[in-house]
Amino acid sequence: MENADVVVVGGGPGGSTVSTLLAKRGHRVVLLEKETFPRYQIGESLLPSTVHGIGRLLGVTEELENAKFMVKRGGSFRWGTNPVPWNFLFAVAPELSGPTSYAYQVERMKFDEILLRNAARNGVDVRENSAVTTVLDDDERVRGVRYTDPEGVEREIQATFVVDASGNRSRVHQHVRGERIYSDFFKNIALFGYFEGGKRLPAPDSGNILCAAFDEGWMWYIPLSETLTSVGAVISREHAAKLQGDQEEALLGFVARCAIVKDFLSDATRVREGTYGELRTRKDYSYTNSSFHRPGMVLVGDAACFIDPVFSTGVHLSTYAGLLAARSINSVLAGDIAEDRAFEEFEGRYRREYRVFYEFLSAFYDMQSNEDSYFWKARKVTNLNATDMEAFVTLVGGVHSGEQALTQSFQESSGALADAVERTGSMQTESGERMHHLFGTPVVREVMTEMNNIQVRGVQGAEAVEAPLLENGLVPAADGLSWTEPKK
Ligand code: FAD
């Protein structure tokens with residue numbers, strides 16, 4: 001039987017990140033991907049920490065720049081009671097201002113392939129058209145995987161660690177023996193497609209994602225090139241029946257009822273051929289697993305958890321988890337840190353990041369008050385079944401977050417953080433003021449904290465000094481690729 005240090009299941013952003021950062025420490029890593037790249041995936045709007053932090057650690061910054069993806073300065077939101085959209089800009093936090101205060105809107109077929117080919121260049125043994133069928137384990141730990149090779153032959157690989165980065169539709173995650181818990185709050189369904197010739201926001205915001213609330217939910221409008229736009233409607237799962245019939249009619253119906261998107265698409269045509277010609281749906285996509293690891297195995301990205309796409313957090317969470325998992329596995333393989341301590345650090349940080357986004361997004365949904373709408377009434381935080389909410393937040397929380405040392409520099413700029421929201425006309429309303437207030441709250445500082453750390457590390461490399469994020473926790477080593485005990 002074949003042997004490896006680590007087998008990574010799945011070649012999306014999470015799998016490519018973890019495998020590259022393991023191979024950079026000289027480990028033998030096999031990545032098994034069931035598709036042949038390029039393959040389609042949704043999740044096109046990125047955050048700066050992925051582009052400038054993770055991108056630099058992986059060594060793909062220049063390649064991403066050369067790919068000429070649409071530059072995203074922030075998000076524009078038609079959210080709250082006033083019809084005028086307002087902007088959230090990335091340039092607000094001190095470390096983010098200047099040359100790294102932007103992200104990209106990406107065609108995932110191109111972005112994911114850049115990351116996967118880069119993994120191979122860094123020494124990862126990438127095998128496409130190779131689907132993992134089961135995980136090999138015993139009572140003590142996970143010991144490898146079984147997969148089907150491109151010729152249809154069943155093969156086994158023994159490994160010290162298995163990383164499941166196989167996304168939200170695979171069942172490999174079940175081998176950590178946890179349970180997948182779905183959020184009652186974000187019980188949504190998305191219907192999406194692509195259009196040619198849609199309008200753009202005025203410069204310099206023309207690359208922004210536009211999110212627009214309407215009675216039945218909200219829509220995203222993501223400019224992928226000068227002419228191509230990704231358009232999706234997020235609606236309540238209770239309305240799933242509407243999507244059973246003609247999906248084109250359903251999508252165009254949502255567009256017709258969402259004034260700003262209707263106007264932006266007034267001269268556009270829906271793409272009807274090729275990969276972008278298909279209309280697609282996704283449902284029940286907000287969940288977290290009750291455990292992210294067991295001896296010999298960790299979950300990364302959508303395999304572990306996902307929250308509603310309104311703030312474009314999916315790729316950030318999967319690449320961040322890839323970084324955390326690589327640090328933990330590199331530490332254990334080097335004999336520096338015991339496995340349970342290294343994995344606790346992984347899961348503690350990962351849950352913390354998920355929880356702060358979860359809280360922030362719940363509050364953000366709450367800002368769009370529309371008492372006449374079933375969708376928005378059902379998503380008032382105050383209307384939540386308190387027991388369900390508490391149970392879910394406790395589960396995703398797991399740890400105390402918000403270390404003083406890390407939030408200090410943000411406290412100094414708390415006013416500036418609220419100014420991430422441009423005070424356009426719509427901010428002078430009551431709901432605008434509430435929104436502005438939300439961006440000045442501790443939860444937003446927490447949302448920013450770890451994303452900033454990743455970005456600072458990408459820019460400063462070994463110079464970056466970090467305090468522990470968790471109580472009695474570990475800190476990143478100088479190269480950012482493993483953990484070390486903090487200096488007393
Ligand atoms: P994936 O990208 O899903 O990669 C998993 C890979 O594993 C796939 O290539 C798959 O083929 C492979 N695989 C599966 N099973 C097996 C197997 N058995 N063996 C081998 N390989 C296997 N995120 C954002 O950042 N921005 C957005 O704007 C955004 N919008 C979204 C909109 C919607 C409606 C939804 C549902 C999600 C959105 N997301 C967004 C989230 C984003 O799609 C995911 O979070 C992200 O793709 C997760 O990356 P990953 O690497 O964990 O998994």
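As the structure lists them, so they are numbered: ligands from 1, and atoms in each ligand from 1. Scope of the values below: all heavy atoms of this structure, side chains included, with no hydrogens, waters or symmetry mates.
- A donor atom on one side chain and an acceptor atom on the other are not found under 3.5 Å apart for His175 and Asp164.
- Nearest heavy atoms, Leu21 versus Ala326: CB-CB, 3.6 Å.
- Residue contacts with ligand 1 for Ala165 involve N, CA, C or O but no side-chain atom from C-beta outward (heavy atoms, distance under 4.0 Å).
- Annotation for ligand 1: atoms under 4.0 Å from non-hydrogen atoms of Ser45 are 24 (C), 25 (O), 26 (N), 27 (C), 28 (O).
- Numbered from 1 in the order shown, with element, the atoms of ligand 1 that lie under 4.0 Å from a heavy atom of Glu35 read 11 (O).
- Looking at ligand 1, you won't find any N or O of Phe192 less than 3.5 Å from one of its N or O atoms.
- In terms of protein heavy-atom proximity, atom 49 (O) of ligand 1 is nearest to Ser318 OG, 3.5 Å.
- Of the candidates Glu278, Glu248, Glu196, Glu248 is the only one forming a salt bridge (Lys or Arg N to Asp or Glu O under 4.0 Å) with Arg272.
- In this structure, Arg351 satisfies the cation-pi test against Phe292, with its NZ or CZ atom closer than 6.0 Å to the six-membered ring centre and inside 45 degrees of the ring normal.
- The single protein non-hydrogen atom nearest to atom 21 (N) of ligand 1 is Lys34 N, 3.1 Å, given as residue, atom name and distance.
- Between Phe343 and Phe161, the ring center distance clears the sub-6.0 Å criterion.
- A heavy-atom separation below 4.0 Å is found between Arg108 and ligand 1.
- With hydrogens left out, the protein atom closest to atom 45 (O) of ligand 1 is Asp302 OD1, 2.8 Å, a heavy atom.
- Scanning all protein heavy atoms for the shortest distance to atom 38 (C) of ligand 1 gives Phe306 CZ, 3.7 Å.
- With a heavy-atom cut-off of 4.0 Å, Val9 touches ligand 1 through its side chain alone.
- Atom NZ of Lys199 has more than 12 heavy atoms from other residues, nucleotides or ligands within 6.0 Å.
- Listed by atom number, the atoms of ligand 1 under 4.0 Å from Ala190 heavy atoms are 34 (C).
- At least one donor-acceptor pair under 3.5 Å links the side chain of Ser328 to the backbone N or O of Ala342.
- Atoms of ligand 1 found under 4.0 Å from any heavy atom of Ser170 (numbered from 1 in listed order, with element): 15 (N).
- When each of Arg127, Lys34, Arg155, Glu154 is checked for a side chain to side chain donor-acceptor pair (under 3.5 Å) with Tyr147, only Arg127 meets the rule.
- A ring-centre distance under 6.0 Å is found for Tyr350 and Phe346.
- At least one test fails for Arg200 against the ring of Phe264: distance under 6.0 Å to the centre or angle within 45° of the axis.
- Of the protein's non-hydrogen atoms, Gly167 CA, 3.7 Å is the one closest to atom 53 (O) of ligand 1.
- Between Phe192 and Trp220, a ring centre-to-centre spacing shorter than 6.0 Å is recorded.
- Nearest protein heavy-atom neighbour of atom 51 (O) of ligand 1: Gly14 N, 2.9 Å.
- Considering backbone and side-chain atoms alike, Val132 places an N or O below 3.5 Å from some N or O of ligand 1.
- Atom 8 (C) of ligand 1 has its closest protein heavy atom at Glu33 OE1, 3.5 Å.
- At least one cation-pi condition fails for Arg352 and Phe357: the charged atom is not both under 6.0 angstrom from the six-membered ring centre and inside a 45 degree cone around its axis.
- Residue-ligand proximity, Gly301 to ligand 1, at heavy-atom distances under 4.0 Å covers atoms 52 (O).
- Heavy-atom proximity to Gly10, at under 4.0 Å, picks out these atoms of ligand 1: 6 (C), 7 (O), 12 (C), 21 (N).
- Here is the list of ligand 1 atoms found below 4.0 Å of a heavy atom in Glu44: 27 (C), 28 (O).
- Looking only at protein heavy atoms, the nearest one to atom 31 (C) of ligand 1 is Pro309 CB, 3.4 Å.
- When heavy-atom distances to ligand 1 are checked against a 4.0 Å cut-off, Arg39 comes that close only through its side chain, counted from C-beta outward.
- Proximity of the aromatic rings of Tyr102 and Tyr104 is defined here by a centroid distance below 6.0 angstrom, and this criterion is met.
- In the vicinity of Ser130, heavy-atom distances shorter than 4.0 Å reach the ligand 1 atoms 20 (C).
- Contact annotation: Trp220 has at least one heavy atom less than 4.0 Å from an atom of ligand 1.
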